[in-house]
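A quick write-up on the structure given underneath.
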Amino acid sequence: MPLPDSGELHYPLPAPDPLDPPKEWAELRDRCPVATVTLPSGDHAQLLTRYDDVKQVLSDPRFPRVGGGQGARISDSGGVFDSDMASVLPQTGPAHQQWRRLVMRWFTARRMAALRPRIEAMADSLIDDMQAHGQPADLKAALGFPLPVWVICTMLGVPDSDRDKFSYWSDTLLNLTRYTREEIVAAQSEFLGYMQAHVRAKRAQPGDDLLSELTTEPTADGTLLTDAQLVGTGQGLLVAGHETTANMISKMVAMLLADRSRWEQLLADPSLVRTAVEESLRFDANPGIGMPRYIAEDVELASAALPAGTTVMCSMGAANRDAQAFDGAEEMDLTRSPNPHLSFGSGPHSCLGQALARTELQVTLEVLLRRLPGLELAVPVEELQRVEGLAVGGLRELPVRW
């Protein structure tokens, strides 16, 4: 299949089936690993699809996220790529690393271990509700979507009664085409107002949560985070901690049920849950738009030279299927180890919440295997539908029986 001429390849690339990758991935890696693409905004960027190129750009601390007038516009409607977060929080250099070190204290192995029983209890409760409503059921709506928002609201000290608001704000922040510009601006304004009041409340009366701790914890130079930085932190954690994990739960389960032998393999050996989660992350053919980066100075990649001022789209999904980096890259191997996938990025900008995401995915899978060993898809795989219009890839719903 010949590739379209430069500038005619529209990104994100469409996929023929809900769980399969775009057909162009393999040919782009082979013939055109740095390809010009047209973004939803109409602006152009360079798409990277090879593992080594994607890892090099993501690992380079010189190359920040796009946004705030820097780099190509991803979408006309705005969303997370055009939010205030990029200008409020330091994106590169020592200040960025100081901010990361502060926040990372909440994602240690000890904290994740302490949070694990609460996640398990919530998953059990949600499955109780799903069973009570009968089958077939939508696993995404019943479990995948509510679980991560409950967890992130818990970490931010947000009351359960406000979880639905956070779900909606998460949707709008990750929008590409789903909402109008006016809807996104209104939602961001609501979210900003809520978080400003929430931060003031935490300063006045700290609790046992991340934002409360950050109101009193100084950075390495002895200064405290400003209210604006705390709001930006809350926004960033919501984006990283809700929609991405919510969609990954349903995609992971769909991948495991699409080939029944995978589910049976886990039932026979639950110790494979950890490696199965990592392989689901690697094998995900619908991870979303990828990671945009602004090339601030000339750089030589293995595949091409990029001039300063270039916007690149790093396709972690395509890189994770690179046969130069993974044996049997197009096969889902639940025992694969090590598994150096790039689903959480790489280097100084890698996902802060990856330990939390891994914990949620592992616990969810463990609980489903224990509670619903007979779980199966309620529709043929080809009838599943992808979510459109979000920066994060996902399924509209996941109908299941048990």
If you apply the rule side chain to side chain contact (heavy atoms under 4.5 Å, CB included), what do you find for Arg321 with Arg29, and how did you get there? CA-CA 9 Å; Arg321 299 273 186 129; Arg29 281 194 304 264; 3.6 Å; yes
Any donor and acceptor pair, going by atom type alone, linking the side chain of Trp263 with main-chain N or O of Pro373 inside 3.5 Å? yes
Salt bridge flag under 4.0 Å for residues Asp327 and Arg336: no
How many angstroms lie between atom OG1 of Thr245 and atom CG of Leu356, to the nearest 0.5 angstrom? 6.5 Å
For the pair Ser59 (side chain) and Gln56 (backbone), establish whether a donor and an acceptor sit closer than 3.5 Å, ignoring hydrogens and angles. no
Specify the closest pair of heavy atoms between Ser250 and Leu398, including all atoms of both residues, with the distance to one decimal. O-CD2, 3.4 Å
Would one find more than 12 heavy atoms of other residues, nucleotides or ligands at under 6.0 Å from atom CD of Glu330? yes
Is it true that the side chains of Glu213 and Trp106 contain a donor and an acceptor less than 3.5 Å apart? yes
Does Arg203 CZ have over 12 foreign heavy atoms under 6.0 Å away? yes
Hey, are the side chains of Leu272 and Gln265 touching, using non-hydrogen atoms and a 4.5 Å cut-off? yes
Would you say Arg371 and Gln131 make side-chain contact, with heavy atoms under 4.5 Å? yes
Contacts of Asp160 meeting side-chain contact (heavy atoms from CB on, under 4.5 Å) (sequence neighbours excluded), chain-then-number -> Trp150, Arg163
Working to the nearest 0.5 Å, report the span between CD of Glu279 and CG of Asn320. 9.5 Å
Rounding to 0.5 Å, atoms CG (Asp322) and CG (Asp52) come to a distance of 7.0 Å
Hey, is the main chain of Pro380 close enough, under 3.5 Å, to the side chain of Glu383 for a donor-acceptor pair? no
Using every non-hydrogen atom in the two residues, find where Ser343 and Met316 come nearest and quote the distance to one decimal. O-CE, 4.1 Å
Restricting to non-hydrogen atoms, name the atom on Thr275 and the atom on Thr335 that form the minimum distance, rounded to 0.1 Å. OG1-CA, 4.1 Å
Dump the intermediate steps for side chain to side chain contact (heavy atoms under 4.5 Å, CB included) on Glu278 and His341, then the final yes or no. CA-CA 8 Å; Glu278 296 305 312; His341 63 77; 2.7 Å; yes
Under 3.5 Å, is there a donor-acceptor pair linking the side chains of Thr36 and Gln46? yes
All heavy atoms of Ala325 vs all of Tyr51, minimum pair found to be CB-CG, 3.5 Å
Partner of Arg116 under side-chain contact (heavy atoms from CB on, under 4.5 Å), picked from Arg111, Gln362, Glu360, is Gln362
Rounded to the nearest 0.5 angstrom, the CZ-CG distance for Arg50 and Asp30 is 7.0 Å
For Arg370, I'd like to know if atom CZ has over 12 heavy atoms of other residues, nucleotides or ligands within 6.0 Å. yes
Counting only N and O atoms by type, is there a donor-acceptor contact under 3.5 Å from the side chain of Lys140 to the main-chain atoms of Leu395? yes
Please report the C-alpha distance between Leu352 and Trp99 in whole Å, then the side-chain angles of each, then the deciding distance to 0.1 Å, and finally whether the side chain to side chain contact (heavy atoms under 4.5 Å, CB included) criterion is met. CA-CA 11 Å; Leu352 271 172; Trp99 174 80; 3.3 Å; yes
Could you verify whether a donor N or O on one side chain and an acceptor N or O on the other, from Ser315 and Thr49, lie under 3.5 Å apart? no
In this structure, CZ of Phe107 is separated from CZ of Arg100 (nearest 0.5 Å) by 10.0 Å
Glu264, CD: over 12 other non-hydrogen atoms inside 6.0 angstrom: yes
Side chain Ser280, main chain Ala276, donor-acceptor under 3.5 Å: yes
dist Leu375:CG -> Arg401:CZ (nearest 0.5 Å) comes out at 11.5 Å
Evaluation steps, side chain to side chain contact (heavy atoms under 4.5 Å, CB included), between Phe63 and Leu58: CA-CA 8 Å; Phe63 305 147; Leu58 292 180; over 6 Å; no
Have Gln196 and Arg200 got a donor and an acceptor in their side chains that come within less than 3.5 Å? no
Testing Asp209, Thr215, Asp227 for side-chain hydrogen bond (donor to acceptor under 3.5 Å, both in side chains) with Lys202, which one passes? Asp209
Could you pull out the closest heavy-atom pair between Pro340 and Phe326, with the gap in Å? CD-CE2, 3.7 Å
In terms of heavy-atom contacts, Arg105 and Glu217 come closest through NH1-OE2, 2.5 Å
Under 3.5 Å donor-acceptor, Lys251 side chain and Asn286 backbone: yes
Donor-acceptor pair, distance only, cut-off 3.5 Å: does the side chain of Ser212 make one with the backbone of Gly207? yes
Is a donor on one side and an acceptor on the other found under 3.5 Å between the side chain of Arg282 and the backbone of Ala329? yes
Flag, side chain of Thr233 to backbone of Gln229, donor-acceptor distance under 3.5 Å: yes
